[in-house]
Amino acid sequence: SYSTIWRIVQQLPPAPGVLGRAGVKAWQDKHGCYAQRDWSAAGRSEIVYGDHHPLDIFSYDPGRLFQRDGKTPRLMRLHISAWQDIATSVVAWRIGERANAELLSLAWRAYVSRFGLMSESWADNGEDYCGERLRTLCGQLGVALHHTKKSTRGGESHARSKASIERWFGTLERDLV
């Protein structure tokens, strides 16, 4: 009967329903397995995560003050690049006109000059993080460079891979910007 089928469906776990209704990405985000790391043993500047984030702050473009019409001011969206220590949650950051290897290197340098050299750097799979500049910098200083799991939706990284820095960006957006 209908009531019997309904009772059986109600007893099913929610994961197959999410997979059927919303797809693989939603199932992976909600119910999928991911590696959880034990950060309790990590010391200061041992493991550091880095990322870029576009800010909801606009500034005048110093290189080109006006749009093509010569009257309208040209605005650019600012980006932040930050490195965060897993053990102490301290953050070093720099703001620039675009997220690129130069901004990434400036933020990395700010972290090292303030908190000391890290043992491991974790970053996503963007071209800035996989590029020659960061690899050379880490290699010369003896810092192990790791890249997080690639996203299934075609992005550079899965946000869950570096959740602490993503939460910091969220707090920055919500409370300060």
Side-chain angles (χ1 to χ4, degrees), residues 1-57 77-96 98-101 103-104 107-108 111 115 118-131 133-135 138 143-177:
S1 75
Y2 180 80
S3 59
T4 304
I5 298 294
W6 182 248
R7 192 171 52 255
I8 292 170
V9 168
Q10 294 291 44
Q11 293 172 357
L12 290 174
V18 170
L19 180 62
R21 283 190 303 276
V24 175
K25 164 93 174 68
W27 177 84
Q28 182 66 37
D29 288 346
K30 245 184 160 175
H31 304 285
C33 297
Y34 64 95
Q36 290 187 345
R37 298 181 183 104
D38 180 21
W39 299 116
S40 61
R44 181 173 181 227
S45 289
E46 193 171 322
I47 302 170
V48 177
Y49 275 86
D51 202 6
H52 295 304
H53 184 73
L55 296 172
D56 290 334
I57 299 174
R77 187 175 193 179
L78 297 177
H79 290 78
I80 186 169
S81 183
W83 291 90
Q84 183 180 35
D85 184 8
I86 288 298
T88 61
S89 296
V90 296
V91 176
W93 51 270
R94 289 294 179 262
I95 293 177
R98 56 186 60 89
N100 56 20
L103 184 62
L104 171 72
W108 200 84
Y111 183 90
F115 304 113
M118 67 279 289
S119 302
E120 296 179 32
S121 285
W122 283 81
D124 64 24
N125 295 285
E127 63 183 59
D128 307 336
Y129 298 100
C130 294
R133 187 179 217 163
L134 186 61
R135 275 196 320 226
C138 289
V143 175
L145 178 61
H146 305 285
H147 298 285
T148 58
K149 177 183 170 188
K150 288 189 178 182
S151 174
T152 56
R153 61 177 181 230
E156 295 167 344
S157 172
H158 198 285
R160 194 181 277 169
S161 303
K162 48 191 175 27
S164 62
I165 190 79
E166 296 293 343
R167 277 193 303 274
W168 187 81
F169 287 139
T171 302
L172 179 75
E173 286 284 330
R174 187 188 66 238
D175 295 347
L176 296 177
V177 179

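All values derive from a computational prediction rather than experimental measurement.
- Take Arg44 and apply the side chain to side chain contact (heavy atoms under 4.5 Å, CB included) test, not counting sequence neighbours, and it matches Asp85, Thr88, Phe115.
- In this structure the side chain of Val48 never reaches within 4.5 angstrom of the side chain of Ile86, judged on heavy atoms.
- Glu46 meets the side chain to side chain contact (heavy atoms under 4.5 Å, CB included) test with Ser119; sequence neighbours excluded.
- Inter-residue side-chain proximity for Ser45 and Tyr111 is flagged as met; some heavy-atom pair is nearer than 4.5 Å.
- Using a 4.5 Å cut-off on side-chain heavy atoms (C-beta onward), Leu134 and Asp128 make no contact.
- Legend: side-chain hydrogen bond (donor to acceptor under 3.5 Å, both in side chains) pairs involving residues 4-17, not counting sequence neighbours, sorted by first then second residue: Ser1-Thr4.
- Annotation: side chain to side chain contact (heavy atoms under 4.5 Å, CB included) contacts of Pro16 (sequence neighbours excluded): Pro13.
- Judged as a ring pair (Phe, Tyr, Trp, His ring centres under 6.0 Å), and not counting sequence neighbours, His147 has no contacts.
- In terms of heavy atoms, Arg77 sits closest to His79 at O-ND1, 3.4 Å.
- Every residue meeting the side chain to side chain contact (heavy atoms under 4.5 Å, CB included) condition with His53, not counting sequence neighbours, appears here in chain and number order: Leu55, Ile80, Phe169, Glu173.
- Heavy-atom minimum distance, Ala92 versus Ala107: CB-O, 4.1 Å.
- In plain terms, the two heavy atoms of Trp83 and Trp122 that are nearest each other are CZ3-O, 3.8 Å.
- Minimum heavy-atom separation, Gly96 to Leu103: N-CD1, 3.7 Å.
- Note that OG of Ser81 is 8.5 Å distant from CD1 of Ile165, once rounded to the nearest 0.5 Å.
- Ring geometry for His52 versus Tyr129: interplanar angle of 30 to 60°, hence tilted.
- Residues Trp168 and Tyr49 fail the side-chain proximity criterion, which asks for heavy atoms closer than 4.5 Å.
- Using a distance-only test at 3.5 Å, with no hydrogens or angles considered, no donor-acceptor pair links the side chain of Arg94 to the main chain of Leu104.
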